[in-house]
Amino acid sequence: MPKESFLLNRIKSVGFAIRGAILLIRTEASIKIQVCLGLIMTAAGFYFDISTTEWIMQLFAIALVLGTEGMNTAVEKLCDFVQPEFDKKIGFIKDISAGAVMLVSIVASIIGCIIYFPKIF
């Protein structure tokens with residue numbers, strides 16, 4: 001069987017990534033909330049006419065929250081696959097993964113406050 005071209009391989013990889021993102025958004029309630037918040041913050045950015053630097057920070061924060069949430073979901077699904085029954089060690093791993101999402105979300109909220117509090121008040 002001939003080896004696939006680099007370009008064809010990359011195109012397939014992008015297709016898998018898009019499928020994964022769609023699956024994540026369709027199946028996980030927490031990511032749906034995060035996506036809605038990201039869209040609200042994006043609309044707020046247009047409404048308040050935030051600067052280029054503020055856009056960069058806001059988009060980075062949104063992407064970091066969504067990416068971390070996606071990784072958290074992957075860790076949880078993998079843990080559930082490896083050990084379907086309750087296990088303290090698996091619970092510890094899942095808690096750490098959820099904690100990472102919380103930390104990133106807190107920092108993203110702080111970034112939002114830094115950007116929008118001066119514009120609102």
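The analysis underlying the following values was restricted to heavy atoms, covering all of them including side chains, and did not include hydrogens, waters or symmetry mates. Here the structure is a predicted model, which means the values were calculated and not measured.
- In terms of heavy atoms, P118 sits closest to C113 at CD-O, 3.9 Å.
- At a threshold of 4.5 Å between non-hydrogen side-chain atoms, the residues N9 and S13 count as touching.
- Here the side chains of E54 and K119 are in contact, with some heavy-atom distance below 4.5 Å.
- Side-chain contact between K12 and E4 is present, with heavy atoms from C-beta onward closer than 4.5 Å.
- Note that the CG atom of L37 and the NZ atom of K32 stand 14.5 Å from one another [nearest 0.5 Å].
- Taken to the nearest 0.5 Å, the CE atom of M41 stands 7.0 Å off from the CD1 atom of I115.
- Summarising the geometry of A108 relative to V65, their closest heavy-atom pair is CB-CG2, 3.6 Å, with the distance given to 0.1 Å.
- Minimum interatomic distance between A61 and I111 (heavy atoms only, all atoms of both residues): CB-CD1, 4.0 Å.
- In this model, a donor atom of one side chain and an acceptor atom of the other lie less than 3.5 Å apart for E69 and S30.
- Looking at heavy atoms from C-beta onward, T42 lies in side-chain contact with W55 at the 4.5 angstrom threshold.
- A 4.5 Å side-chain heavy-atom check between F48 and I120 finds at least one atom pair inside the cut-off.
- By the 4.5 Å heavy-atom criterion applied to side chains, D80 and K94 are counted as neighbours.
- S97 and N72 make their closest contact through OG-OD1, 2.6 Å (heavy atoms, listed as atom of the first residue, atom of the second, distance).
- Linking Ile, Leu, Val, Met, Phe, Trp and Tyr whenever their side-chain heavy atoms come within less than 4.5 Å leaves F6 and V14 in two separate clusters.
- Between K77 and E28 there is a salt bridge, since at least one side-chain N of the basic residue sits less than 4.0 Å from a carboxylate O of the acidic one.
- A distance of 12.5 Å separates CG of L23 from CZ of F16, quoted to the nearest 0.5 Å.
- By the 4.5 Å heavy-atom criterion applied to side chains, T73 and I31 are not counted as neighbours.
- For the pair L24 and G70, the tightest heavy-atom approach, listed with the atom from each and the gap, is CD2-CA, 3.6 Å.
- Two residues are said to be in side-chain contact when any heavy atoms from C-beta on lie closer than 4.5 Å; I50 and Y116 meet this criterion.
- Distance check: I90 CD1 to Q83 CD gives 6.0 Å after rounding to the nearest 0.5 Å.
- With values rounded to the nearest 0.5 angstrom, L59 atom CG is found 12.5 Å from L64 atom CG.
- Taking CG of L78 as the reference point, atom CE of M71 lies at 10.0 Å (rounded to 0.5 Å).
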